[in-house]
Every structure is written in C-alpha cells, then in structure tokens.
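Remarks on the structure that follows.
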Amino acid sequence: MDSRAVFVLLWMLLSSTSTGIKLDGNGYVDIIIAIGSRVPQDDMLIDKIKEMVTEGSYYLYDALDEKVYFKDATILVPSHWSVKDFSKARTESFEKAHIKIDYANSVNNIEPYTKQYGECGDEGEFIHFTPEYLLNDTLIELYGSRGRVLVHEWAHLRWGVYDENNDKKPFYYSNGRIEPTRCSKNIEGQFYEVTAGGSLQQCRTDPETLLLTKECTFFPDRNQITNSSIMFLPSLDPVTAFCHENEHNYEAPNMQNIKCGKATWTVIFEDSVDKDALRSLKPPESPPPPPSFKIVQRKQRVVCLILDVSGSMRGSRILLQQQAATHFLRNIIEEQASVGIVQFSTSASTLSPLTTIDSDNTRENLIKMLPKVADGWTNMCLGLSQGLQLESVGERTSDWFNGTVSVDQTVGNKTSFVIIYELSFPSVYIQSPSGLIYTQTNTSHDKLLKTVTLNVPGTAEPGDWQYSIQTTILQALTLTVTSQAAQADVPPITVKTRMNQKSSDGTKPMIVFAEVSQNYRPVINAEVWATLESETGIEHTFQLLDNGAGADASQGDGIYSRYFTKMVNGRSSLKVRVKNQEGQTRLAAPKKSGAPYVPGYVVNGVVQLNPPKPPVSEEPLEVGSFTRTATGESFEVTLSGTAPPNFPPNRITDLSAEIHEDTVLLSWTAPGEDLDQGTAKSYEIRWSFDLDMLRDSFSNGHVVNTAAVSPQEAGSVEQHSFNLSFPIQNGTTLSFAIQSEDEVNATSETSNIAQASKILRAPKPPGISNPGMNLTVLVISVCVVTMVICFIVAVTTWAVKRKKLSSESKVELTI
C-alpha cells in the first residue's frame with residue numbers, strides 16, 4: 001500500500017459516530033434532530049419540533065395498522081445557544097442527524113424534503129426542514145399539517161419509497177383520456193388554469209403533446225371517498241394510509257413506479273429495513289404515549305486519533321501514518337476542538353488525554369506524542385474520516401511530478417501544500433495564478449517525517465495553481481492540498497463520498513456514492529472519478545455518473561453513483577476526485593423527494609385557492625474552475641471464493657416510449673455486462689395492451705424484433721424505432737418493457753413499464769378524466785334538458801288547449 005492509501009487511513013471522529021434509528025418494541029428510538037449552527041436561538045422552534053413529532057407519531061400509528069410510532073427523539077441545539085436545561089451531547093452531531101433544521105440554499109425555498117441516494121427500499125440520508133417552515137403556521141395550508149408531512153418524509157427516509165406525484169409530468173394518457181399523476185386513481189378533483197389575476201379558466205391543450213399545458217393544475221376535492229395515499233397528498237384530511245397493491249396506480253409516471261414498480265405498502269413490508277419487524281409486530285395493547293424528548297448541546301468537536309502500532313504497521317506504514325496524523329493536527333483540526341490520541345496493538349494505551357487546540361504549540365506538542373514504532377498484533381478496527389481537500393495525488397517517478405490545483409472563490413483561507421517524499425528531499429516549485437513562485441525557501445521541511453509544507457499566507461488567490469516537483473532518484477511523491485472557506489457566510493463546495501455497505505460477502509452489489517454540493521444545492525455536470533484500492537495494492541478507477549440510470553437514483557441531483565463489481569477479499573479504501581468538466585459544471589436547483597405544495601382544494605364544487613408559494617430561482621448558476629478530493633470510510637469484502645461474483649446487467653429505470661403515426665420510438669440508458677459496467681450482450685423488448693400482464697408476466701408480452709439493436713457501452717443513450725404488424729387505432733395506449741442479457745445469459749430485472757398513446761389531432765381536445773368537472777357539466781346539462789322539456793310540454797299544452805277551444809267554437813257556429 002503506497003502513501004496515497006495509507007495517508008487517508010487514520011483518524012476516528014467521535015463527533016461523527018452515530019447510532020442508527022432502532023425499533024424498540026413498537027416504538028422508534030434514537031432519532032436525532034439537529035438544528036443548524038446558523039439558526040438563531042428560538043425556544044419556540046423546539047416547541048414546534050416537539051409538536052410535529054408528537055402529531056406525526058399518532059398519524060404514523062394509524063397509517064401502519066397501529067404497528068409503530070415515535071417513542072423518543074434527541075434534539076441537538078447549536079453551541080451558541082445559551083444553556084438552559086440542555087444536556088451535554090455525546091455522539092450526536094449535525095452531520096449525522098436524521099432530521100436537519102437549517103436554512104436552505106435560497107431565501108424563499110422552504111419546502112420540506114428528504115435526501116435519497118440509494119435504490120428502492122434503501123434508507124435515505126436525512127430529512128430537511130427550514131426554521132421558517134416550522135415557525136410559520138400559514139404554511140400548514142400549503143403543505144398540510146406538520147405531523148402528516150413528517151410521516152410522508154419518514155417514509156422516504158426509513159423505508160426508501162418515492163413520491164407518487166410528478167411535477168415534471170403532472171398528466172398522462174390512459175386509454176385516450178387525460179389523467180392526473182396520482183395514487184390512488186380514486187382521488188378526485190378538477191382541472192383549471194389560474195390566471196395572473198387569480199381567476200380560473202378552462203385548461204388548454206398543448207398542440208405538440210396533446211396533453212394539458214404546464215399552466216394547468218389539478219385541484220383535489222377536499223373530501224374524498226378514498227383514504228390513500230400519503231405519498232401523494234398527505235395534506236388531504238381523508239388520507240390516512242399508504243397505497244396498497246389493490247389500489248396502486250401503476251400507470252402514473254411517478255418516481256414510485258419508475259424506481260420501485262410496486263405499491264408503497266409492498267415496499268415497506270417487503271423491501272425496507274423494517275420488513276421483518278413489521279411483518280411480525282402486533283399492535284400494542286393500549287395506544288402509544290406521546291414521544292419523549294431530550295435536548296442536548298455540543299460546545300466543541302471532540303476527536304480521538306486511534307492509531308494502529310501493531311506488527312502490520314512495520315516499515316514505511318508507521319511513518320506514513322505519522323505523516324498523516326501530523327498533517328491532520330497541523331492543518332485540519334480547528335481551533336478549540338478537543339483531541340485525544342490512543343495507540344493500539346495487542347492492548348490499547350492513551351498517549352494524550354483530550355486536549356483543547358488553542359495554539360500552534362499545543363498542536364506541536366500533540367505531534368511529538370505520535371507513535372513511531374510498530375509491534376504486536378491488531379485486535380481493533382480503524383475508524384476513518386477526512387477533512388476538506390482540494391487535491392491528493394501521488395506518483396512514483398525519477399523526474400518531474402507536475403500538475404494543477406484549482407482554488408475557487410469559496411475557499412482560500414489556511415491553504416497548505418504538503419509534499420511527502422519517500423527517500424530524498426525533492427525540488428519544489430509552486431506558482432500562483434498571478435505568477436508568484438514559491439520554492440524551498442518558502443517551505444518548512446521536516447526531515448524526520450519526510451514532509452515539505454507550504455502554508456500560503458493570507459487568502460490564496462483564486463484560480464489555477466501549478467506545482468512542479470523534481471526528483472533525481474526513483475521514489476514515491478505525494479501532494480496534498482487543503483484549504484478552508486474564504487468567507488464565513490459563504491459555504492464552500494464540498495464532496496462527501498461513501499459505499500452503500502461497510503462490509504460485503506459479494507451477494508449484494510456494492511455502490512459508490514459521491515455528493516457534490518454547495519449549501520444543499522447540487523453541483524451538476526462535474527467530472528467525478530472514484531479510486532478503490534485494496535490492502536494488497538490493487539486499484540480500480542472509474543467514473544461516477546449523475547445520469548439517473550444504473551446505480552444512480554436521479555439525474556441532475558448532484559449525487560454521482562456507480563456499481564463496484566471488481567471486489568477482492570480484504571479491506572479497501574475509497575477516494576474520489578472531482579473537477580469542473582470543461583466549463584459545464586453548474587449549481588442547480590435541488591431535486592428532492594418531498595411533500596408537494598397544494599395550490600388549492602375543491603370544496604362543495606368550488607375551487608378555493610391557496611396563496612402561491614414563494615418563487616424560487618431554478619436557473620443553473622455557473623461554477624468556476626475547482627478541484628476537490630474526498631475520502632470515504634474503508635470497507636471489508638469477504639468472498640466465499642477467490643473470484644468476484646457475476647452480476648447481471650442493471651435494471652433499466654428510464655425507459656420512455658412515444659408513438660408517431662404507427663411508429664413506436666423507445667429510448668433508454670444502456671446497462672452493462674455486470675450491472676452498469678461494460679456492455680450487455682442483447683436486449684429483449686416486449687409490449688402489451690395490458691400493463692399489469694406485462695409487469696407480472698414479461699414473457700407473455702408480444703416480442704419486438706431487436707435483431708438490429710446492438711447494445712452500446714453502459715451509460716450510453718439507446719434508441720429503437722419500429723412499426724407494429726397492425727395499424728394502431730387512435731386513443732390506443734400500449735405498454736413496453738425491456739430485459740437485457742450478458743455473455744453468460746444472466747438476465748436483468750424487467751425495466752420500468754413505459755406507456756405511450758396514439759392521439760391524433762382533432763377539432764376538439766381529447767377527453768379529460770375530471771370527475772368533478774364532469775359532474776358539474778352533467779348537472780348543468782340535466783337542468784338545461786329539463787328546462788327544454790318543460791318548455792316543450794308547456795308549449796304543447798298551450799297549443800292543444802287552443803286547438804280544442806277553436807274546435808268548440810266551430811261546432812257552436814255550425815249549430
């Protein structure tokens with residue numbers, strides 16, 4: 001293992017240790033709710049949090065057949081809040097909180113949401129509420145009661161389900177009629193456009209898609225005959241349940257169908273982390289009590305360096321560990337944090353108790369205590385974490401080691417360049433963007449640790465810094481560049497990376513995640529590469545993608561993902577490098593799973609509008625040149641054999657279909673030979689008039705000829721057009737699905753079901769499935785018909801009477 005790998009295998013941050021949420025009987029415990037450091041003290045905020053969790057507990061209890069509720073929660077308040085009845089925080093931290101109360105990336109962005117990385121059924125990262133959302137009661141009408149919204153978000157966080165609405169595709173065709181994207185299909189309402197003046201008008205039809213225009217809005221009836229679903233509209237009073245299989249709307253183009261392809265209830269009870277417990281739990285004998293709360297506060301970070309001095313660290317490894325620990329103590333750990341040092345082999349011993357970092361002398365005294373000798377054997381696992389890095393790169397050379405590091409506008413304070421050499425002190429040249437050159441005379445040299453350090457004075461210039469390191473003998477060189485935020489009120493671009501599993505036996509695929517963001521706002525179109533290195537020195541480097549295919553949950557959310565299939569036995573490290581991709585990188589509006597804003601309701605046949613939600617800018621913002629390096633926790637692989645398992649191609653989740661005249665056009669992202677790596681061997685495409693049949697029995701669908709389709713490399717855009725053997729009638733809806741196969745005939749799961757309808761332009765717009773509107777039209781029509789009939793009857797009666805009188809007069813005249 002070279003210095004690049006050992007450099008990051010170092011420290012455990014006690015402040016990042018987090019106990020996960022647990023089920024204690026029927027109650028969820030160890031829920032951490034953390035308030036962000038920028039939030040000013042407001043005791044009302046704590047009261048609102050308690051009210052939300054308490055209301056949510058009872059709502060959750062009813063929604064899941066009285067099986068579970070919220071039993072206790074811990075609220076972590078910022079260190080600058082004045083202490084009242086707060087306890088001292090132990091392992092709780094804002095970074096590892098399950099629910100975060102913090103300002104968003106935009107002044108007007110107050111929508112609750114949940115950050116989700118993984119596949120259907122995987123736990124999410126955290127729930128985000130803004131202080132304004134919790135304190136402003138007028139927002140309850142816009143999103144529903146806070147307890148109901150919490151349960152909606154909890155389903156994302158805990159059970160890995162997705163939303164059943166879709167702001168991008170609010171309507172779809174179903175057998176020639178326009179339906180709102182919803183679940184269940186029994187949710188009724190009306191369609192209208194809201195004008196700039198706040199009045200309502202009939203919806204218009206888009207001449208291209210023949211669907212309703214984007215200005216059209218679905219207004220649900222306040223009173224419904226159905227009680228589902230929470231993942232569509234938790235704000236509706238009658239909604240108290242999740243969608244079951246017998247009422248799930250499989251046609252709706254929402255994320256629940258795309259990612260899961262099954263009802264929310266089914267995912268919760270068959271795929272989630274709680275599946276076994278939920279199936280066996282019985283309702284408690286009495287209703288649950290209100291949740292209990294504990295308020296805690298952390299004054300400063302507490303870090304413990306746990307250093308391995310066992311026999312496995314003999315030779316260069318113990319030096320590399322010492323170099324890494326020195327860099328951490330000199331350049332990473334912040335002022336006023338507390339640091340302790342523990343060494344372990346056959347036994348553990350304390351080298352330094354918790355010490356507050358208050359000066360450079362304190363840092364140097366801790367460095368002197370670092371272990372320099374390795375002996376014994378290992379009986380303890382090493383915890384890993386890493387601070388913010390702009391660059392970490394290494395090379396074995398006997399010549400020049402050159403490169404460029406981009407310092408962007410968000411960083412620059414306390415910038416340091418640290419060069420670690422293996423054998424001989426190299427020549428160092430570092431040039432700033434303005435041309436200022438730093439050499440050995442500007443650096444500090446530690447001969448014992450074999451490190452050369454340049455601390456850039458003041459704030460480093462933004463732009464590209466060039467480094468040139470020259471050695472005349474063959475040796476390993478490593479450069480690490482770290483920096484801190486340029487301004488306290490401007491958060492820097494950050495990268496967080498992790499694996500979806502800390503240990504694996506090879507039966508379930510591993511996924512690499514890297515989240516690139518600035519203050520909750522995703523950084524998109526970046527170039528992201530992951531390097532996984534085993535303890536034997538085997539490296540695998542591959543690009544992570546944010547394309548919404550394969551391992552990636554959603555396109556354009558700033559979370560870059562890829563399956564890792566080249567698993568080898570033993571422990572491996574993870575490092576991710578990120579840079580601006582040819583000037584294309586942007587800050588984008590957040591894409592997230594969250595409770596929807598409700599524009600209004602239909603009450604007694606009349607639409608009652610809600611206030612409009614504050615406008616939030618969704619225009620992408622340019623990001624200047626930047627580089628980042630991040631290190632994730634190491635992971636352990638224990639395979640039953642020596643070779644990694646063979647995985648089939650990944651499930652296709654972005655299949656789309658269109659019908660033009662009698663031609664069908666299908667589009668999707670190519671899977672790989674092994675999940676999203678390599679190239680699949682072949683595709684099998686089938687279609688049906690019956691969506692349910694195709695979903696339940698793919699092999700019974702009609703086969704599409706794919707002889708002309710040659711799979712491309714994983715991640716490529718695939719398209720296939722074809723004509724069916726019969727003319728497609730106007731108003732017909734067809735369903736399509738794909739499976740792919742690899743070289744050993746391993747078959748992927750069936751893709752998402754894509755639907756397309758043939759709709760010909762007509763003098764009048766197609767039918768709209770609008771029960772409320774249809775009822776109104778029906779009532780008016782009946783009234784008009786009744787009036788016409790009454791008028792005809794009255795006229796006929798008058799005519800008959802007149803004729804009769806005329807006849808009588810004629811008879812009298814004759815006599």
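Just so it is clear, the values below take in all heavy atoms, side chains as well, and ignore hydrogens, waters and symmetry mates. Sequence positions, counted from 1, serve as the residue numbers for this chain. Owing to the predicted nature of the structure, the values given are computational and were not obtained by experimental measurement.
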If you look at every heavy atom in [X] and [Y], which pair is closest and at what distance?
{"X": "Val303", "Y": "Leu354", "value": "O-CD2, 4.1 Å"}
{"X": "Gly556", "Y": "Ile524", "value": "O-CG2, 3.5 Å"}
{"X": "Ala551", "Y": "Asp676", "value": "N-OD2, 3.5 Å"}
{"X": "Tyr560", "Y": "Asn525", "value": "OH-N, 3.2 Å"}
{"X": "Gly118", "Y": "Ala553", "value": "O-CB, 3.6 Å"}
{"X": "Thr439", "Y": "Ile437", "value": "CG2-CG2, 4.0 Å"}

Is there a side-chain contact between [X] and [Y] (heavy atoms, below 4.5 Å)?
{"X": "Leu477", "Y": "Thr397", "result": "yes"}
{"X": "Asp446", "Y": "Lys450", "result": "no"}
{"X": "Ser37", "Y": "Phe94", "result": "no"}
{"X": "Ile419", "Y": "Ile469", "result": "yes"}
{"X": "Tyr520", "Y": "Tyr113", "result": "yes"}

Rounded distance [0.5 Å steps], [atom1] in [X] versus [atom2] in [Y]:
{"X": "Tyr563", "Y": "Leu544", "atom1": "OH", "atom2": "CG", "result": "13.5 Å"}
{"X": "Ile538", "Y": "Met567", "atom1": "CD1", "atom2": "CE", "result": "13.5 Å"}
{"X": "Ser534", "Y": "Arg571", "atom1": "OG", "atom2": "CZ", "result": "12.5 Å"}
{"X": "Glu395", "Y": "Asn402", "atom1": "CD", "atom2": "CG", "result": "8.5 Å"}
{"X": "Leu448", "Y": "Gln322", "atom1": "CG", "atom2": "CD", "result": "5.5 Å"}
{"X": "Phe417", "Y": "Asn455", "atom1": "CZ", "atom2": "CG", "result": "10.5 Å"}

Can we say [X] and [Y] salt-bridge, meaning some charged N sits less than 4.0 Å from an Asp/Glu carboxylate O?
{"X": "Arg498", "Y": "Glu515", "answer": "no"}
{"X": "Lys96", "Y": "Glu125", "answer": "no"}
{"X": "Asp408", "Y": "Arg628", "answer": "yes"}
{"X": "Lys502", "Y": "Glu633", "answer": "yes"}
{"X": "Glu95", "Y": "Lys496", "answer": "no"}

Taking [X] for the side chain and [Y] for the main chain, is one N or O donor matched with an acceptor at less than 3.5 Å?
{"X": "Ser517", "Y": "Arg521", "value": "no"}
{"X": "Trp81", "Y": "Gln297", "value": "no"}
{"X": "Arg562", "Y": "Gly550", "value": "no"}
{"X": "Thr350", "Y": "Pro353", "value": "no"}
{"X": "His128", "Y": "Ile99", "value": "no"}
{"X": "Asp546", "Y": "Asp557", "value": "yes"}

Compute whether any side-chain donor of one residue and acceptor of the other, for [X] and [Y], lie under 3.5 angstrom apart.
{"X": "Asn413", "Y": "Thr459", "answer": "yes"}
{"X": "Ser392", "Y": "Thr629", "answer": "no"}
{"X": "Arg38", "Y": "Asn519", "answer": "yes"}
{"X": "Thr585", "Y": "Gln581", "answer": "no"}
{"X": "Asn331", "Y": "Thr482", "answer": "no"}
{"X": "Glu391", "Y": "Thr480", "answer": "no"}
{"X": "Arg298", "Y": "Ser79", "answer": "no"}
{"X": "Thr531", "Y": "Thr541", "answer": "yes"}

Plane angle bin for Phe635 and Phe564 - parallel if under 30°, tilted between 30 and 60°, otherwise perpendicular: perpendicular
Of Val523, Val576, Thr497, the one forming a side-chain contact (heavy atoms from CB on, under 4.5 Å) with Val528 is Val576
Could you give the side-chain donor-acceptor pairs of residues 421-431 under 3.5 Å, partners two or more places apart or in another chain?
from: Tyr421; atom 1: OH; to: His445; atom 2: NE2; distance (Å): 2.6
from: Glu422; atom 1: OE1; to: Arg396; atom 2: NH1; distance (Å): 3.2
from: Glu422; atom 1: OE1; to: Arg396; atom 2: NH2; distance (Å): 3.3
from: Glu422; atom 1: OE1; to: Ala476; atom 2: N; distance (Å): 2.9

Evaluate the criterion salt bridge (Lys or Arg N to Asp or Glu O under 4.0 Å) for residue pair Glu533 and Lys575; output intermediate values, then yes/no. CA-CA 9 Å; Glu533 183 178 359; Lys575 184 168 72 173; over 6 Å; no
Near Lys100 NZ, under 6.0 Å, is it more than 12 heavy atoms from other residues, nucleotides or ligands? yes
If you draw a 6.0 Å radius around CD in Glu713, do more than 12 non-hydrogen atoms from other residues or ligands fall strictly inside? no
Mind checking what makes ring-ring contact (aromatic ring centres under 6.0 Å, His included) contact with Tyr467, not counting sequence neighbours? Phe401
Kindly determine whether Thr404 and Gln466 satisfy side chain to side chain donor-acceptor pair (under 3.5 Å), including the steps that lead there. CA-CA 4 Å; Thr404 301; Gln466 297 178 354; 4.8 Å; no
